[in-house]
Amino acid sequence: MLNRPLSLLLVIGLGLLLLWSQRDRAASEVTRTALIMGTLVEIKAVGSDENKLEDAINNAFDVMRRVEAEFSPQVPNSAIARLNQTAETSEIPSSVRDLVELGEQVRLESNGAFSMALGGVKELWAIETENPQVPTREQLEAVLPPLDSPALLLDGLIARRSSTLVRLDLGGIAKGYAVDRALEQLRDRGLRSASVNAGGDIGVLGGHAERPWRIGIQHPRKQGELLATLEARDQAIVTSGDYERYFERDGRRYHHIFDPRSGQPASGCQSVSVVAPSAALADALATAVFVLGPEAGMRLLEQRSEAEGLIVAANGEAIVSSGLKERLQWR
Ligand code: AMP
Ligand code: MG
């Protein structure tokens with residue numbers, strides 16, 4: 001038998017050891033990156049078991065790759081590619097239907113500024129290729145889809161383009177959706193703390209240890225520098241910027257967010273960051289607000305009670321929605 005002081009010491013020692021080991025286990029954070037949807041995607045996961053975190057992250061990347069295949073107009077036989085090839089109806093997965101319905105809501109709210117029908121315009125600019133070019137006004141007018149109709153006509157899961165000028169392109173909303181699906185996968189795997197950053201489309205699950213996640217908003221004119229940060233739990237922050245994909249010709253910047261009325265790059269903003277409960281919604285709103293410009297864009301954000309935003313206007317002025325003012329920390 002041990003004497004009392006000794007056994008007490010042993011118990012205290014074991015207790016400390018246990019505390020120490022748990023503290024160590026709880027502190028694990030795994031960060032991985034992968035190239036998906038033409039973007040470097042970074043996932044961070046916090047938890048006690050590194051192998052489990054790593055597995056969950058790999059699964060989340062797989063989910064994002066499936067979203068990429070499902071929504072890319074370039075992937076032959078994807079639902080989007082099939083619709084673009086025919087004037088007839090075709091059946092679509094419910095995931096595509098749901099996302100198209102969300103996009104359609106944002107199209108209506110933004111008076112057509114958000115459009116999932118601009119694939120033809122995007123192709124003319126060839127903005128994502130090695131040889132981007134400035135199309136003529138005539139060329140653009142020949143491919144502009146009708147302004148006041150939805151991209152797709154839906155009857156349950158049976159869909160058809162509303163016009164043959166519609167070339168479906170969900171590039172303004174699909175990355176956010178992929179972020180949501182990745183977070184859902186991480187949550188289903190039992191994680192309670194994670195972040196997914198797909199090139200500035202960011203979603204976070206829970207907080208970061210005891211604190212909220214601190215999220216940085218890229219400065220639209222200072223590469224690699226932050227404009228502001230904010231704290232968030234279980235939220236998404238998505239940025240649309242004219243610095244993301246662009247080329248310059250004759251001293252002008254041509255970027256990838258188009259005004260559906262003209263097919264020209266929208267000129268009212270340098271960047272728009274939207275905070276919302278889901279990254280898909282934040283993504284669509286950020287693109288819509290960018291096209292609308294600072295005034296009409298801020299009105300749209302103030303109408304949506306669950307969304308907040310920061311607009312950097314073309315002249316560099318920053319405008320913040322009422323619910324975000326207190327939360328932003330400027331850099
Ligand atoms: P984001 O970076 O989310 O603003 O999305 C930009 C991408 O959305 C572009 O690369 C196009 O694929 C697509 N896009 C361009 N203009 C629009 C628009 N007015 N509405 C919706 N999507 C658009
Ligand atoms: Mg967007």
Side-chain angles (χ1 to χ4, degrees), residues 37-39 41 67-68 71-74 80 84 99-100 102-129 132 135 140 143-152 166-180 197-203 217-218 220 236-247 254-276 278-293 296-297 300-301 304 307 309 311-312:
M37 297 175 133
T39 306
V41 181
V67 171
E68 178 178 26
F71 288 93
S72 168
Q74 271 85 42
I80 305 298
N84 276 341
L99 194 60
V100 164
L102 176 61
E104 170 60 12
Q105 260 179 41
V106 175
R107 181 187 76 82
L108 287 170
E109 277 169 60
S110 65
N111 287 319
F114 185 80
S115 167
M116 296 174 286
L118 299 178
V121 172
K122 186 171 169 174
E123 224 161 81
L124 271 183
W125 286 93
I127 213 131
E128 283 171 8
T129 72
L140 284 169
V143 301
L144 280 176
L147 261 185
D148 47 7
S149 35
L152 277 188
V166 167
R167 293 194 49 96
L168 286 174
D169 166 33
L170 274 61
I173 190 171
K175 225 197 288 169
Y177 175 75
V179 168
D180 288 334
N197 182 350
D201 289 19
I202 302 167
I217 295 175
Q218 167 67 39
I237 292 106
V238 174
T239 299
S240 280
D242 68 0
Y243 56 87
E244 294 178 297
R245 282 188 188 143
Y246 71 94
F247 66 99
Y254 297 100
H255 63 82
H256 70 313
I257 305 170
F258 307 112
D259 187 327
R261 289 169 300 190
S262 61
Q264 300 286 341
S267 56
C269 304
Q270 292 179 2
S271 72
V272 175
S273 303
V274 173
V275 182
S278 87
L281 175 63
D283 194 356
L285 286 174
T287 306
V289 169
F290 191 104
V291 173
L292 285 171
L300 171 61
L301 286 176
R304 267 272 185 181
I311 300 175
V312 181

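Both ligands and their constituent atoms are indexed starting at 1 by order of listing.
Contact of the Val291 side chain with the Phe114 side chain is not registered, since no non-hydrogen atoms from C-beta on lie closer than 4.5 Å. Side-chain atoms of Leu118 and Pro145, non-hydrogen and from C-beta on, do get closer than 4.5 Å to each other.
Backbone or side-chain N, O or S atoms of Ser240 do not reach the Mg ion (ligand 2) at under 2.8 Å. The distance from the Mg ion (ligand 2) to the nearest N/O/S atom of Phe290 is not under 2.8 Å.
Closest to the Mg ion (ligand 2) among the N, O or S atoms of Asp283 is OD1.
The distance from the CG atom of Leu140 to the CG atom of Leu124 is 5.5 Å, given to the nearest 0.5 Å.
Asp180 contributes a side-chain N or O that, together with a main-chain N or O of Ala279, makes up a donor-acceptor pair within less than 3.5 Å. In this structure, His255 contributes its side chain and Ser267 its backbone to no donor-acceptor pair below 3.5 Å. Between the Trp125 side chain and the Gly263 main chain, a donor and an acceptor come within less than 3.5 Å of each other. At least one donor-acceptor pair under 3.5 Å links the side chain of Asn84 to the backbone N or O of Leu168.
Near ligand 1, Ala113, Phe114, Ser115, Leu118, Lys122, Glu128, Asp169, Gly171, Gly172, Ser240, Glu244, His256, Ile257, Phe258, Pro260, Asp283, Thr287, Val291 each place a heavy atom less than 4.0 angstrom from the ligand.
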